[in-house]
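These figures come from a predicted structure and were not determined experimentally.
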Amino acid sequence: MPLVIAIVFHEVAHGLVANMLGDPTAAERGRLSFNPIKHVDPVGTIGLPLVLAVSGAPIFGWAKPVPVDFARLRNPRVDMVLVALAGPLMNVFLGALAAAAIGLLASVTGDAAFTGMTRFLAENLFNFLMINIFLAVFNLIPLPPFDGGHVVAGLMPRSLLPAYAQVARFGIPIMFLVVLVLPMISPRLSIVQNVVAPIATGIVKLFLGSALPGV
């Protein structure tokens, strides 16, 4: 459930920012909704995360992408970057809320060690924090089809866009190559283990350090 919430809020953030910047496509198609049923992808939201969890592999997934028509944005090149960043920033915001809730829980109960019921609540908040920060960093991998890939496309010279669009056509195979295939060849090639996880862990520690000073 925490993963579903994180993914749904991520996708809605894309649609909300696109709508603010002139593209109402998501709103027109009823996708600016926090009802998870409207965003669930049977494979990316349920099947794949379940298989990865059972196999002990890094868990990731995706929702049904919120439709964005970049041609309808008022300033497509700049707005493309803002729309792409909206999802990860939403996850960072949710992570910050989870960290703040952990700090509030410790303050109200006077139980920074988290025992009994406070431990159960703190562990769930911590899991929500980890999931959101991991999802934010993971989606900023600068390759298609990740949000980071859209940021790269918005910032690169226009002359390179046609070639990049050809690469982006293979977005899903690229994602599986980066996340699943390369780590099987060698752990040293795991972007998730060697890049995403350390960055996400550092951000989580920073948030918890701010929420629980002196702990």
Side-chain angles (χ1 to χ4, degrees), residues 1-14 39 41 43-66 80-99 102 123-156 164 167-168 170-211:
M1 183 58 71
L3 179 61
V4 172
I5 293 173
I7 291 175
V8 167
F9 273 71
H10 178 105
E11 290 299 332
V12 171
H14 285 312
H39 303 282
D41 181 287
V43 175
T45 314
I46 300 174
L48 182 61
L50 182 60
V51 170
L52 293 175
V54 171
S55 64
I59 299 175
F60 73 99
W62 61 86
K64 190 190 310 179
V66 166
M80 172 192 296
V81 175
L82 298 177
V83 171
L85 289 175
L89 288 176
M90 171 60 80
N91 291 125
V92 171
F93 174 70
L94 292 175
L97 286 181
I102 292 173
E123 286 179 348
N124 279 277
L125 288 168
F126 177 76
N127 288 336
F128 189 62
L129 166 61
M130 282 291 297
I131 287 171
N132 274 283
I133 298 303
F134 179 87
L135 191 62
V137 179
F138 178 78
N139 272 282
L140 288 175
I141 293 175
L143 294 169
F146 302 103
D147 294 328
H150 292 299
V151 174
V152 169
L155 297 177
M156 69 171 45
Y164 189 80
V167 174
F170 302 96
I172 298 299
I174 289 173
M175 179 175 65
F176 279 96
L177 174 67
V178 168
V179 178
L180 297 177
V181 178
L182 291 181
M184 293 174 63
I185 297 173
S186 171
R188 295 182 179 181
L189 299 176
S190 174
I191 292 179
V192 172
Q193 179 179 332
N194 299 318
V195 180
V196 174
I199 294 175
T201 300
I203 295 173
V204 168
K205 289 181 177 178
L206 178 64
F207 280 9
L208 288 177
S210 299

- line: So NE2 of H150 and CG of N139: to nearest 0.5 Å the spacing works out to 9.5 Å
field: Heavy-atom side-chain contact between H39 and V66 under 4.5 Å
entry: yes
query: Looking at side-chain heavy atoms only, is the closest gap between F146 and V151 below 4.5 Å?
result: no
Between CD1 on residue I203 and CG on residue N132, distance to nearest 0.5 Å: 11.5 Å
message: Using side-chain heavy atoms (C-beta onward) and a distance below 4.5 Å, is I5 in contact with I131?
response: no
field: Donor-acceptor contact below 3.5 Å, side chain N127 vs main chain P2
entry: no
message: Side chains of L208 and L129, heavy atoms from C-beta outward: is any pair under 4.5 Å?
response: yes
message: Looking at S210 and L206, would you say the former's side chain and the latter's main chain have a donor-acceptor pair under 3.5 Å?
response: yes
- line: Smallest heavy-atom separation, F128 atom then A98 atom, equals CD2-CB, 3.9 Å
query: Could you give the distance from CG (L140) to CZ (F138), rounded to the nearest 0.5 Å?
result: 11.0 Å
field: Heavy-atom check, side chain of N91 versus side chain of I133, under 4.5 Å
entry: no
- request: Go through the side-chain N and O atoms of D147 and H14 and say whether any donor and acceptor fall under 3.5 Å apart.
  value: yes
- request: Could you grab the distance from atom CG of L182 to atom CG of L189, nearest 0.5 Å is fine?
  value: 5.5 Å
- request: Could you pull out the closest heavy-atom pair between P145 and M175, with the gap in Å?
  value: CD-CB, 4.0 Å
- line: When every non-hydrogen atom of V195 is compared with those of P198, the smallest separation belongs to O-CD, 3.3 Å
task: Determine the minimum heavy-atom distance between V196 and F134, stating which atoms define it.
output: CG1-CE1, 3.6 Å
- prompt: Where is the tightest heavy-atom contact between S190 and Q193, given as atom of each residue plus distance?
  reply: OG-N, 3.0 Å
Main-chain N/O of V152 paired to Y164 side chain as donor or acceptor, under 3.5 Å: no
message: Taking the side chain as everything from C-beta on, heavy atoms only, tell me whether I174 gets closer than 4.5 Å to P144.
response: yes
Student check: side-chain heavy atoms of I7 and L135 closer than 4.5 Å: yes
- request: Side-chain contact test, heavy atoms from C-beta onward, threshold under 4.5 Å: evaluate it for V204 versus F126 and give yes or no.
  value: yes
